[in-house]
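Every chain is numbered from 1 and lettered A, B, ... according to where its sequence line falls, protein lines coming before strand lines. Being a predicted model, the structure only gives us computed values, none of them experimental.
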Protein chains: 2
Amino acid sequence: MRVAVLYSGGKDSNYALYWVLKQGFEVKYLVSMVSEREDSYMYHVPNIHLTELQAKAIGIPLIKGFTSGEKEKEVEDLKEVLEGLRIDGVVAGALASEYQKKRVDRVAGELGLESFAPAWHRDPVDYMREIIEIFDVVFVGVSAYGLDEKWLGRKVDEKALEELIKINKKYGIHVAGEGGEFETFVRDAPFFKARVVFDEVEKRWDECSYSGTLIVKRAHLEWKDAQK
Amino acid sequence: MRVAVLYSGGKDSNYALYWVLKQGFEVKYLVSMVSEREDSYMYHVPNIHLTELQAKAIGIPLIKGFTSGEKEKEVEDLKEVLEGLRIDGVVAGALASEYQKKRVDRVAGELGLESFAPAWHRDPVDYMREIIEIFDVVFVGVSAYGLDEKWLGRKVDEKALEELIKINKKYGIHVAGEGGEFETFVRDAPFFKARVVFDEVEKRWDECSYSGTLIVKRAHLEWKDAQK
C-alpha cells in the first residue's frame, strides 16, 4: 500500500504517520496544504517552516500545496495535489471532525484512493496517553479558556494530560484539542532520524482573544546516529 | 504532457518552467532536492525557504526531497521522488553541464519519462539576453574572480551582462554562470501571480574564498491582482 500522509507536524498527523509505518505501508509523500494568501514569511509566521525540518528528520519528501484558503476551494486544491501521485491511499490525522473526515474521504473516493484515519473516534484520554508514550511533543498554540500562556512550549506529558482532564471537566475543552483548543508540535518520534531542537523561542500572547502561539525563531536537527 | 520541473529558484529552473508553460505542458509539481544533513534553518541558510515563496507565487505545488548529499545517492533520491509522480516528463534547467544532464536523463530513462532541458547548449549571451527580458532576477551568490561583493543583490540587466562579458574575456568565467560563478534568484516572471519583495537582506562576504551570498532575512509576496 503506497500512501501520502496529510502532514501538519502536530501530534495527529504524526500519529497517523506512525500508524501507517507500523502497518508496513510505503509512505511516498507527506502533504502539507498552506494558505496562498498568507502574507507570512519567517519572522511573521516562522513555524510554517518547521514542517520541513520534521520532513527532513523523517526523510520522506514533503509536498507543499497551495490553496486560496476558501473552504471549498481547499478540497479541490488538495485533490489537485493528490491526483498527480502514484499512490493507493491517503492518510489523515482526523480524530472527531466529521467535516474534515468527509472532505478527505470525498477526495479519496473521487480519485479511487483508500482513505485512512488511524485515530478516528479514538477515546481522547486513551489516545493522548499513547501520544505521550510515543512522541516528544509540546504545545505550540493554545486557544481556550483554562489554557494560559504557561502552556506554550510545555511538554505534553502525563501531568499536562491530568490538567487537561480537569480543565475539560470545568470548561468543557476537548482533551485532545480536536476543537482547536491547542496545537502541538512533535519534536521527536521513533521514526525521526533526527530530533528537532528549539534554539530560540518567543511566546506571543493575545489577551483579547485569550490565545497564544509559541514562535520558534531558530531550530536545528540533532541527528541520532553518530554521523553529523 | 504532464511534467515535473526541477526547481531551485534561479534563472535556469525558472527559464525551464517558462518554456514548458509556453509549450502548454501541464506542470504538476516543482521539485527541489535539499541536502538532508545541512544543519541549516532560517538564520543559518535562510534563502532555502525562498523557493517556497516562489512556488506560492507561481501556484504550483512544491516537493521538497531530501538527499544525503553524496553525489551518487542524490540521483537515487531524485529518482525515488519522481517515481511516485503521475507524470510523463521531467524538466531541468541544465545549460552546459554534461554531468547534470546525464544524471537527469538516466533517471528519466529508468522511469520511462521524457527528459527536457530547454536551455541546453544555448548560446550564453543570447540566453542571458532572454533571461533579462523575461525575469526580474538578481545575483544572490558570487564565487569567481572578477565578481566582488557589489554584485550581491544586483539586478541581472543589460549593463550587468556587458560587464559579465568583459569579465569573461579577462578571467574566463561563464557568462551564464554555468560553472558556479554566480547564483541568481528570480523575483518576478510572467507566470508569477505575485512578486517576491525583499524586506531585509544582508551581504555575507568571505575574502578567503572570494565568494559571497546575499542572505534574504525577510521577504514577502506582493500579489499582482487587486485582492490582497
Side-chain angles (χ1 to χ4, degrees), chain A residues 2-4 26-44 46 48-53 55-68 77-78 80-87 193-194 196-200 216-223 227-228, chain B residues 2-4 26-44 46 48-53 55-68 77-78 80-87 193-194 196-200 216-223 227-228:
Chain A
R2 289 159 64 105
V3 297
E26 189 187 351
V27 181
K28 287 296 292 180
Y29 304 98
L30 306 176
V31 175
S32 191
M33 297 300 289
V34 297
S35 173
E36 199 182 53
R37 292 302 165 117
E38 219 166 53
D39 210 358
S40 74
Y41 190 53
M42 295 190 202
Y43 296 56
H44 311 138
I48 207 164
H49 299 295
L50 286 172
T51 315
E52 190 178 325
L53 213 58
K56 201 186 270 192
I58 297 164
I60 296 176
L62 174 69
I63 304 182
K64 289 268 179 126
F66 305 104
T67 175
S68 64
D77 292 330
L78 174 63
E80 184 75 18
V81 172
L82 296 177
E83 187 265 338
L85 306 179
R86 286 185 207 278
I87 50 172
K193 289 181 282 184
V196 179
V197 180
F198 292 169
D199 298 313
E200 190 186 343
V216 180
K217 293 188 141 190
R218 278 194 312 130
H220 71 276
L221 291 180
E222 194 176 276
W223 295 89
Q227 193 196 340
K228 178 60 204 261
Chain B
R2 289 160 62 109
V3 296
E26 189 188 351
V27 181
K28 287 297 290 180
Y29 305 98
L30 306 176
V31 175
S32 191
M33 297 300 289
V34 298
S35 174
E36 199 183 53
R37 291 303 166 116
E38 221 164 51
D39 211 357
S40 73
Y41 190 54
M42 296 192 198
Y43 295 59
H44 309 139
I48 207 164
H49 299 297
L50 286 172
T51 314
E52 189 178 326
L53 213 58
K56 200 186 270 190
I58 297 164
I60 296 176
L62 174 69
I63 304 183
K64 289 269 180 127
F66 306 104
T67 175
S68 63
D77 291 330
L78 173 64
E80 184 75 19
V81 171
L82 296 177
E83 187 266 336
L85 306 179
R86 285 185 207 279
I87 50 173
K193 289 181 279 182
V196 179
V197 180
F198 292 170
D199 298 313
E200 191 187 341
V216 180
K217 293 188 139 189
R218 278 193 312 129
H220 72 275
L221 290 179
E222 196 178 274
W223 295 88
Q227 193 196 338
K228 180 60 204 254

- Any donor-acceptor N/O pair, K56(B) side chain to P61(B) backbone, under 3.5 Å: no

- May I ask you to test the D77(B)-F66(B) pair for a side-chain heavy-atom distance under 4.5 Å? no

- With only heavy atoms counted, which part of I87(B) is less than 4.5 Å from chain A, the side chain, the backbone, both or neither? backbone

- Task: Select one option (side chain, backbone, both, neither) describing which atoms of I60(B) are under 4.5 Å from chain A's heavy atoms.
- Result: backbone

- chain A: which of L30(B), I63(B), V31(B) shares the most heavy-atom pairs with it under 4.5 Å? I63(B)

- Are any non-hydrogen side-chain atoms of R218(A) and H220(A) less than 4.5 angstrom apart? no

- Does the pair R2(B)/E83(A) count as a salt bridge with the N-to-O cut at 4.0 Å? yes

